[in-house]
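Here's the structure we're looking at; comments come further down.
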Amino acid sequence: GSETFLDPVIPSWEDEEYLRAFLQRQFISENRRSLEDTRYNNVPSIEVLREAGAAMSELCTSLAYEVTQFRYKCEQQVPQHWSDADINVTAMEENGNVVIDWSGTSRVSIPFSTFA
């Protein structure tokens with residue numbers, strides 16, 4: 001089941017064939033649901049939907065790889081056991097927001113309700 005994967009919605013970011021088949025099925029099943037709605041007269045063929053699912057899986061796999069590589073590069077730039085102080089990051093509450101500041105050069109304000 002999906003409990004063995006990091007993302008409970010997308011079954012696998014590493015098994016390209018599995019992801020391709022999953023997205024192709026999703027595209028086709030959504031197309032079938034749209035057939036019930038009489039507002040949609042021009043629906044794509046199953047072959048087009050399969051191609052779209054394959055293209056989407058390639059895009060997702062490529063982006064997932066880029067995110068993984070970015071994370072790896074970030075991890076290489078900080079000590080193995082680091083703290084906010086080690087990388088000069090501070091956070092404070094200000095006007096109902098959490099303000100995250102990095103070395104005084106970058107500052108992000110997030111509503112406290114979102115942060116908590």
Side-chain angles (χ1 to χ4, degrees):
S2 64
E3 66 277 352
T4 60
F5 301 107
L6 294 176
D7 187 329
V9 177
I10 304 296
S12 176
W13 292 108
E14 296 172 349
D15 184 337
E16 292 181 37
E17 285 299 317
Y18 194 58
L19 180 61
R20 178 180 295 118
F22 171 79
L23 290 173
Q24 287 172 331
R25 283 192 310 273
Q26 290 300 110
F27 279 44
I28 292 167
S29 68
E30 285 302 313
N31 179 55
R32 288 185 179 155
R33 284 198 326 175
S34 70
L35 289 174
E36 297 169 6
D37 191 336
T38 58
R39 293 177 294 167
Y40 303 108
N41 294 329
N42 296 328
V43 292
S45 69
I46 288 179
E47 289 76 25
V48 168
L49 294 168
R50 279 195 185 118
E51 288 178 26
M56 181 64 76
S57 73
E58 287 179 29
L59 177 64
C60 290
T61 302
S62 174
L63 291 173
Y65 176 78
E66 288 182 34
V67 168
T68 302
Q69 291 304 306
F70 177 75
R71 179 180 178 172
Y72 176 76
K73 287 178 185 178
C74 289
E75 288 172 347
Q76 298 306 307
Q77 296 175 22
V78 295
Q80 188 173 6
H81 301 288
W82 57 274
S83 68
D84 291 347
D86 291 335
I87 60 172
N88 206 17
V89 170
T90 59
M92 64 198 95
E93 188 174 350
E94 186 177 281
N95 299 324
N97 292 321
V98 174
V99 178
I100 302 170
D101 183 83
W102 178 54
S103 301
T105 60
S106 182
R107 187 176 161 110
V108 176
S109 181
I110 304 168
F112 188 77
S113 60
T114 302
F115 188 78

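The first residue of the sequence shown is numbered 1, and numbering continues consecutively from there. This is a predicted model, so every value here is computed, not measured.
- Listed by chain and residue number, nothing satisfies the salt bridge (charged side-chain N to carboxylate O under 4.0 Å, His left out) test with Glu66 (two or more places apart in sequence, or in another chain).
- Cluster annotation: Leu63 and Tyr65 are assigned to distinct hydrophobic clusters (Ile/Leu/Val/Met/Phe/Trp/Tyr, side-chain heavy-atom contacts under 4.5 Å, transitive).
- A distance of 9.5 Å separates OG of Ser45 from CD1 of Ile28, quoted to the nearest 0.5 Å.
- Thr68 is linked by a side-chain hydrogen bond (donor to acceptor under 3.5 Å, both in side chains) to nothing, counting only residues two or more places apart in sequence or in another chain.
- Minimum heavy-atom separation, Val98 to Phe112: CG2-CD1, 3.4 Å.
- Judged as a salt bridge (charged side-chain N to carboxylate O under 4.0 Å, His left out), and not counting sequence neighbours, the contacts of Glu75 are Arg71.
- Atom SG of Cys60 is separated from atom CG of Leu23 by 5.5 Å, given to the nearest 0.5 angstrom.
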Distance-only check: which donor-acceptor pairs under 3.5 Å involve side-chain atoms of residues 77-93, not counting sequence neighbours?
unit_1 : atom_1 : unit_2 : atom_2 : d
Ser83  : OG     : Ala85  : N      : 3.4
Ser83  : OG     : Asp86  : N      : 3.3
Ser83  : OG     : Asp86  : OD2    : 3.4
Asp86  : OD2    : Ser83  : N      : 3.0
Asn88  : ND2    : Ser103 : OG     : 3.1

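- Atom CG of Asp15 is separated from atom OG1 of Thr61 by 9.0 Å, given to the nearest 0.5 angstrom.
- In this view, Ser106 satisfies the side-chain hydrogen bond (donor to acceptor under 3.5 Å, both in side chains) rule with no residue, not counting sequence neighbours.
- Asn97 and Pro111 get closest at one heavy-atom pair: OD1-CA, 3.2 Å.
- Every residue meeting the salt bridge (charged side-chain N to carboxylate O under 4.0 Å, His left out) condition with Arg20, not counting sequence neighbours, appears here in chain and number order: Glu17.
- Using modelled atom types, one side-chain atom of Ser57 and one backbone atom of Ala54 make a donor-acceptor pair closer than 3.5 Å.
- The two residues Gln24 and Arg50 come nearest to each other via the heavy atoms NE2-O, 3.0 Å.
- Residues Phe22 and Arg25 have side chains in contact (heavy-atom distance under 4.5 Å, counting atoms from C-beta outward).
- The line from CD of Gln26 to CG of Leu19 is 10.5 Å long, rounded to the nearest 0.5 Å.
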